[in-house]
Amino acid sequence: STFFIYYSMKNKSRASLGKKSGLAFFMKKKYILTGLFGLLVTCGGLFWQYAVYEGSDPVRKTATVISNADWADPEEKLVALTFDDGPHPVYTEEILDVLDQAGIKASFFMMGKEAELYPDVVKKVSDAGHLIGNHTYTHANVCQISADETTEEITKTNDILEGLTGKRPQFFRPPFGCKNETLEKQTGMFWIFWDVDTLDWSLQNAEQVYCKVVKNVGENDIILMHDAYPSTVEAVRELIPALQEMGYTFVTVDRLVEP
């Protein structure tokens with residue numbers, strides 16, 4: 001990356017540069033300036049994406065996860081990886097492989113229409129012992145449709161997932177982070193939000209997603225990702241050992257919500 005090019009150039013001694021010809025020294029300066037410019041462009045682009053996204057959707061910005069540290073083991077630093085919008089015919093299974101190799105469990109909030117298309121993937125997620133939650137049938141914003149339409153979106157998806165796994169979902173993640181206490185009571189499900197939004201769907205850059213999590217994660221946090229991008233697979237591959245090194249234990253969301 002641009003950062004690593006600049007960093008390695010910066011650490012070359014002044015003495016070694018002094019031994020080069022005037023042209024070579026000029027070229028070194030040119031590479032350094034190019035690296036700095038690239039780094040500024042990259043950081044500026046990331047900041048712009050974050051600012052536009054956060055500013056345009058205050059619901060997500062203010063959404064708070066339904067977590068309560070009192071229900072967690074006080075001697076453990078817990079964290080939950082969650083994946084929305086699946087199942088995906090390729091990347092969900094790749095993420096399953098990464099999780100299996102690390103020996104950890106995660107939570108997958110699935111859309112009903114995708115579950116119908118890829119029932120075998122749903123079964124693989126369930127058979128591997130991961131938690132499966134409801135993410136509506138069509139990725140509908142339940143705060144912008146009628147109560148009857150919301151019931152249909154959720155019930156239809158629950159029926160599909162139960163038919164494939166033998167377990168009826170108890171946890172629901174509303175698309176777009178929609179919050180509505182009245183609807184929540186009517187659905188009779190636990191509505192799960194998040195603490196760390198990776199913006200992986202927008203960034204689609206494993207390194208940036210990795211940095212976003214490591215910089216912002218905290219104890220008993222729920223991390224929002226999407227099992228629909230190759231960059232997310234790579235980010236998860238790097239994040240698991242990094243968070244374990246930081247002392248975190250991976251759990252499913254049922255460990256972080258009030259029963």
Sequence neighbours excluded, the answer for side chain to side chain donor-acceptor pair (under 3.5 Å) partners of Thr92 is Asp227
Glu116 and Lys156 ion-paired at < 4.0 Å: no
Distance-only side-chain donor-acceptor flag, Thr150 / Glu153, under 3.5 Å: no
With a 4.0 Å cut-off, would you call Glu162 and Lys167 a salt bridge? no
Do the side chains of Met111 and Trp194 join up, straight or via other hydrophobic residues, at under 4.5 Å, putting them in one cluster? no
Flag for Glu152-Tyr137: side-chain donor and acceptor within less than 3.5 Å: no
Do Tyr91 and His226 have ring centroids that are under 6.0 Å from one another? no
Residues two or more places apart in sequence or in another chain: which of them pass side-chain contact (heavy atoms from CB on, under 4.5 Å) with Thr198? Asp200, Val209, Val213, Ile223, Met225
Among Leu161, Ile192, Asp84, exactly one meets side-chain contact (heavy atoms from CB on, under 4.5 Å) together with His135. Which residue is that? Asp84
Looking just at side-chain N and O atoms, do Ser146 and Asp148 make a donor-acceptor pair shorter than 3.5 Å? no
Got a donor-acceptor contact below 3.5 angstrom from the Asn134 side chain to the Thr157 backbone? no
Sorted by chain and number, sequence neighbours left out, disulfide bond (SG atoms under 2.5 Å apart) with Cys211 holds for none
Tell me whether Glu234 is salt-bridged to Arg237, with the criterion being a basic N under 4.0 Å from an acidic carboxylate O. yes
Using the rule given for ring-ring contact (aromatic ring centres under 6.0 Å, His included), can you reason through Phe176 versus His139, listing the C-alpha separation, both sets of side-chain angles and the distance that settles it, and then say yes or no? CA-CA 9 Å; Phe176 309 105; His139 204 267; 4.9 Å; yes
Cation-pi geometry met for Lys179 and Phe193 (6.0 Å, 45°): yes
Quick one: side-chain contact (heavy atoms from CB on, under 4.5 Å) partners of Ala228, sequence neighbours excluded? His88
Which residues share a side-chain contact (heavy atoms from CB on, under 4.5 Å) with Leu117, sequence neighbours left out: Glu114
Sequence neighbours left out, what pairs pass ring-ring contact (aromatic ring centres under 6.0 Å, His included) with at least one residue falling in residues 153-174? Phe171-Phe190, Phe172-Trp191
